[in-house]
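Before any comments, here is the structure.
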Amino acid sequence: MKSYDVAVIGSGPGGYVAAIRCAQLGMSTAIIEKYSTLGGTCLNVGCIPSKALLDSSHHYEDAVKHFETHGIDIPGEVKVNLKQMIARKQAVVDQTTGGIDFLMKKNKIDVYQGVGSFKDATHIEISGENSEEIEAKNIIIATGSKPSNLPFIELDKERIITSTEALKLKEIPKHLIVIGGGVIGLELGQVYKRLGAEVTIVEYMDRIIPTMDSGLSKELNKVFKKQKFRINASHQVKSVERTGDEVIVTAENKKGETVEFKGDYCLVSVGRRPYTDGLNAEAAGVKVDDRGRVEVNHHLQTSASNIYAIGDVVKGAMLAHKAEEEGVFVAETIAGQKPHIDYNLIPGVVYTWPEVAAVGKTEEELKEAGINYKSGQFPMRALGRSRASMDIDGFVKILADAQTDEILGVHMIGARAADMIAEAVVAMEYRASAEDISRMSHAHPTFTEAIKEAALAATDNRPLHI
Ligand code: FAD
Ligand code: NAD
């Protein structure tokens with residue numbers, strides 16, 4: 001039986017990054033993955049394929065709607081070739097997962113394909129084509145998550161689907177009904193909207209992206225309505241039925257009335273659940289909480305002291321970069337270092353267009369905590385850069401402590417917000433004040449000038465360009 005310093009179960013962004021960091025720190029490392037490709041949800045059926053389709057559909061929309069204004073005439077009709085679009089997405093996925101194979105080899109990490117299940121706290125049985133057992137002094141559980149469902153919905157995976165199927169549809173829906181106005185629903189909803197589908201969003205809470213700052217929800221709602229999405233907030237879905245090619249979603253609105261939505265596809269995107277099936281965690285003395293998450297302490301250590309857990313399978317945001325930070329954190333902890341993660345500074349991004357990005361506290365959270373804050377906001381439409389590219393929707397909002405001016409939260413919606421949020425993360429990591437940002441030079445013309453202007457507005461209410 002082979003023996004390792006560390007064995008990692010699951011090869012998503014949490015698991016593979018943990019394995020690389022363990023190997024960098026000189027530990028003999030194994031990684032176990034049940035699927036034939038490495039990279040987990042993120043690389044195979046999550047972040048990467050969804051962004052590939054968002055990019056392709058964005059190009060199509062530009063060609064159809066915006067090229068003419070830019071002075072680009074295309075003779076003949078611009079058409080979607082969905083088969084090619086999905087094939088390109090898959091090529092991006094294959095290339096990216098192949099890159100992880102390379103990284104495992106480069107770092108001399110042994111890869112085992114099969115389902116890893118605990119025999120005890122130091123032994124893992126791997127059931128794949130050939131079953132085998134390995135031993136490890138330390139084990140990292142990085143088994144990720146799967147799509148959640150509502151108890152009364154039968155996912156047929158043809159017309160009543162999750163994000164996994166939505167990434168490889170064979171036709172463009174005529175009318176896609178999206179249950180859940182969160183990140184997946186909006187990103188994948190926008191892909192098919194751009195390709196020509198009608199898209200109806202049915203959201204239980206009173207606004208889309210309900211966990212983000214309400215200013216962002218309001219602005220995105222406004223832009224999505226301009227893009228002709230049908231948005232139904234405060235609707236509780238009661239049933240989903242399929243008859244032939246038709247899908248009927250029934251919901252109750254806040255007046256208690258029954259509302260029916262008829263379409264040909266229904267995407268269920270109501271969150272994800274931690275995944276521990278087949279892991280046999282009990283055999284190792286690892287406790288799982290009532291929401292199915294592996295219980296961990298501040299060191300991400302489970303109830304068995306040599307076993308750690310990271311990423312979507314533990315509490316916190318279900319984000320690839322959060323999983324990666326935790327992977328590094330655990331590897332360094334095992335190596336005897338004292339790493340640190342500031343969970344308040346893990347940014348959140350929605351890759352719609354306009355993009356939505358945030359870090360730190362929302363206004364709602366500051367109000368609830370009774371923190372005295374000031375707010376500075378700057379609209380994207382006031383930037384020369386925005387007019388040049390015709391991306392005029394959105395704003396940057398900076399929330400700063402009323403007394404000290406320390407930045408407490410940054411919320412932005414607009415072109416390239418996903419990339420711009422990094423400036424806010426750096427600033428907050430160094431505990432910058434809004435005035436600090438307002439005194440830094442930002443290249444002109446760039447979208448980042450909105451950050452400087454919002455900082456000027458927050459500091460002293462003196463933006464220069466509005
Ligand atoms: P996962 O990536 O889920 O990986 C877990 C791996 O463990 C899987 O490969 C699984 O097969 C394997 N496994 C499970 N049990 C066993 C076992 N017993 N034995 C062996 N292997 C096992 N996040 C972002 O930050 N940005 C985005 O843009 C983004 N887009 C997304 C889009 C979609 C459509 C979806 C679904 C998710 C998206 N996410 C995004 C979320 C992101 O994918 C997850 O947060 C991230 O993948 C979590 O990483 P992880 O390593 O914890 O788990
Ligand atoms: P989510 O939590 O973002 O959104 C789910 C939405 O469904 C919520 O708005 C919720 O109020 C709503 N909902 C729940 N029950 C409902 C019901 N009965 N009827 C109507 N609406 C209901 O979850 P998701 O969009 O499924 O994504 C899952 C996870 O994947 C998220 O945690 C997210 O962080 C991650 N993800 C991240 C990205 C990104 O970072 N860009 C992209 C995709 C997914």
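Predicted model, so just to flag it, every value in this text is computed and none were measured. Whatever order the structure lists ligands and atoms in, that order sets their numbers, starting from 1.
- Of all the listed residues (T143, V349, L188), T143 holds the heavy atom that lies closest to atom 14 (C) of ligand 1.
- Atom OH of Y430 sits in a sparse spot, with 12 or fewer heavy atoms from other residues, nucleotides or ligands closer than 6.0 Å.
- Those atoms of ligand 1 with a heavy atom of S11 less than 4.0 angstrom away are 6 (C), 7 (O).
- By the 4.0 Å heavy-atom criterion, V45 is counted among the residues contacting ligand 1.
- The protein heavy atom nearest to atom 2 (O) of ligand 1 is T41 N, 2.9 Å.
- Applying the salt bridge (Lys or Arg N to Asp or Glu O under 4.0 Å) test to pairs two or more places apart or on separate chains, those with a residue in residues 19-38 are R21-E332.
- In this structure, R159 does not pair ionically with E246, as no charged nitrogen and carboxylate oxygen lie closer than 4.0 Å.
- Atoms of ligand 1 lying under 4.0 Å from any heavy atom of G40, numbered from 1 in the order shown and given with element: 2 (O), 4 (O), 8 (C), 9 (O).
- Under 4.0 Å is where a charged nitrogen must lie from a carboxylate oxygen, and between K262 and E198 no such pair does.
- In this structure, atom 41 (C) of ligand 1 lies nearest to the protein heavy atom M318 O, 3.7 Å.
- When hydrogens are left out, the protein atom nearest atom 37 (C) of ligand 1 is G46 CA, 3.9 Å; that is the closest non-hydrogen contact.
- Residues S389 and F447 come closest through the heavy atom pair OG-CZ, 3.6 Å.
- Residue-environment remark: CD (E368) stays at or below the threshold of 12 foreign heavy atoms within 6.0 Å.
- For K322, no heavy-atom contact with ligand 1 is shorter than 4.0 Å.
- Looking only at atom types and distance, the side chain of K361 has a donor-acceptor partner in the side chain of N344 under 3.5 Å away.
- The shortest contact between atom 5 (C) of ligand 1 and any protein heavy atom is with A142 O, 3.3 Å.
- Distances below 4.0 Å separate heavy atoms of C42 from the following atoms of ligand 1: 2 (O), 43 (O), 47 (O).
- A 6.0 Å sphere centred on OH of Y204 holds no more than 12 heavy atoms belonging to other residues, nucleotides or ligands.
- S11 contributes a side-chain N or O that, together with a main-chain N or O of G39, makes up a donor-acceptor pair within less than 3.5 Å.
- For the residue pair E295 and S303, no side-chain donor N or O sits within less than 3.5 Å of a side-chain acceptor on the partner.
- If you look at I9 next to ligand 1, the close heavy atoms, those under 4.0 Å, all belong to the side chain.
- With T164 contributing its side chain and T162 its backbone, the two residues share no donor-acceptor pair below 3.5 Å.
- Heavy atoms of I184 found under 4.0 angstrom from ligand 1 belong exclusively to the side chain.
- Considering only non-hydrogen protein atoms, atom 10 (C) of ligand 1 sits nearest to E33 OE2, 3.5 Å.
- E154 meets the side-chain contact (heavy atoms from CB on, under 4.5 Å) test with no other residue; sequence neighbours excluded.
- One finds the CD atom of E241 at 7.5 Å from the CD1 atom of I160 (value rounded to the nearest 0.5 Å).
- A 6.0 Å sphere centred on OH of Y343 holds more than 12 heavy atoms belonging to other residues, nucleotides or ligands.
- Protein heavy atom in closest approach to atom 52 (O) of ligand 1: D312 N, 2.9 Å.
- Taking the side-chain contact (heavy atoms from CB on, under 4.5 Å) definition, one finds that P49 meets it with K89, V93, L167, sequence neighbours left out.
- Less than 4.0 angstrom separates some heavy atom of Y351 from each of these atoms of ligand 1: 28 (O).
- At least one donor-acceptor pair under 3.5 Å links the side chain of E355 to the backbone N or O of A418.
- With hydrogens left out, the protein atom closest to atom 53 (O) of ligand 1 is G144 CA, 3.1 Å, a heavy atom.
- Counting atoms of ligand 1 from 1 in the listed order, those under 4.0 Å from a heavy atom of I32 are 20 (C), 21 (N).
- Of the protein's heavy atoms, G14 N, 2.9 Å lies nearest to atom 51 (O) of ligand 1.
- In summary, the side chains of R88 and Q84 do not present any donor paired with an acceptor at a separation below 3.5 Å, with no hydrogens or angles considered.
- For a threshold of 3.5 Å applied to N or O pairs, the pair formed by L319 and ligand 1 contains at least one separation below that value.
- Look at D289 and K315 and you find no salt bridge, because none of the NZ, NE, NH1 or NH2 atoms lies under 4.0 Å from a carboxylate O.
- Near R272, meaning under 4.0 Å from one of its heavy atoms, ligand 1 places the atoms 36 (C).
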Any protein N/O atoms within less than 3.5 Å of an N/O atom in ligand 2? List the atom names and distances, or say none.
{"residue": "ligand 2", "atom": "3 (O)", "partner": "V183", "partner atom": "N", "Å": "3.2"}
{"residue": "ligand 2", "atom": "9 (O)", "partner": "E203", "partner atom": "OE1", "Å": "2.7"}
{"residue": "ligand 2", "atom": "9 (O)", "partner": "E203", "partner atom": "OE2", "Å": "3.3"}
{"residue": "ligand 2", "atom": "11 (O)", "partner": "E203", "partner atom": "OE2", "Å": "2.6"}
{"residue": "ligand 2", "atom": "21 (N)", "partner": "Y204", "partner atom": "N", "Å": "3.1"}
{"residue": "ligand 2", "atom": "23 (O)", "partner": "G271", "partner atom": "N", "Å": "3.4"}
{"residue": "ligand 2", "atom": "25 (O)", "partner": "V183", "partner atom": "N", "Å": "3.3"}
{"residue": "ligand 2", "atom": "25 (O)", "partner": "I184", "partner atom": "N", "Å": "2.8"}
{"residue": "ligand 2", "atom": "26 (O)", "partner": "G271", "partner atom": "N", "Å": "2.8"}
{"residue": "ligand 2", "atom": "34 (O)", "partner": "M318", "partner atom": "O", "Å": "3.1"}
{"residue": "ligand 2", "atom": "40 (O)", "partner": "V349", "partner atom": "O", "Å": "3.4"}
{"residue": "ligand 2", "atom": "41 (N)", "partner": "E187", "partner atom": "OE2", "Å": "2.9"}
{"residue": "ligand 2", "atom": "41 (N)", "partner": "V349", "partner atom": "O", "Å": "2.8"}

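- Between G39 and ligand 1, a contact under 3.5 Å exists for no N or O pair.
- Within the 4.0 Å heavy-atom criterion, the part of S145 lying near ligand 1 is the backbone and not the side chain.
- Proximity of C47 to ligand 1, defined as any heavy-atom pair under 4.0 Å, is shared by backbone and side chain alike.
- The shortest separation from a heavy atom of P49 to ligand 1 is not under 4.0 Å, leaving the residue out of contact.
- The closest approach between a heavy atom of K146 and any atom of ligand 1 is not below 4.0 Å.
- Considering only heavy atoms from C-beta on, I179 comes within 4.5 Å of I153 through its side chain.
- Residue contact check: Y35 has heavy atoms under 4.0 Å from atoms 11 (O) of ligand 1.
- The N/O atoms of V115, backbone and side chain alike, include none that comes under 3.5 Å of an N/O atom in ligand 1.
- Taking every non-hydrogen atom of G311 and a distance limit under 4.0 Å, the qualifying atoms of ligand 1 come out as 52 (O).
- Polar contact with ligand 1: absent for S163 (N/O pair, distance under 3.5 Å).
- Aromatic ring orientation, Y4 versus Y112: perpendicular (interplanar angle above 60°, classes split at 30° and 60°).
- Distances between N or O atoms of K51 and those of ligand 1 include at least one value under 3.5 Å.
- Look at K322 and E326 and you find a salt bridge, because one of the NZ, NE, NH1 or NH2 atoms lies within 4.0 Å of a carboxylate O, short of that distance.
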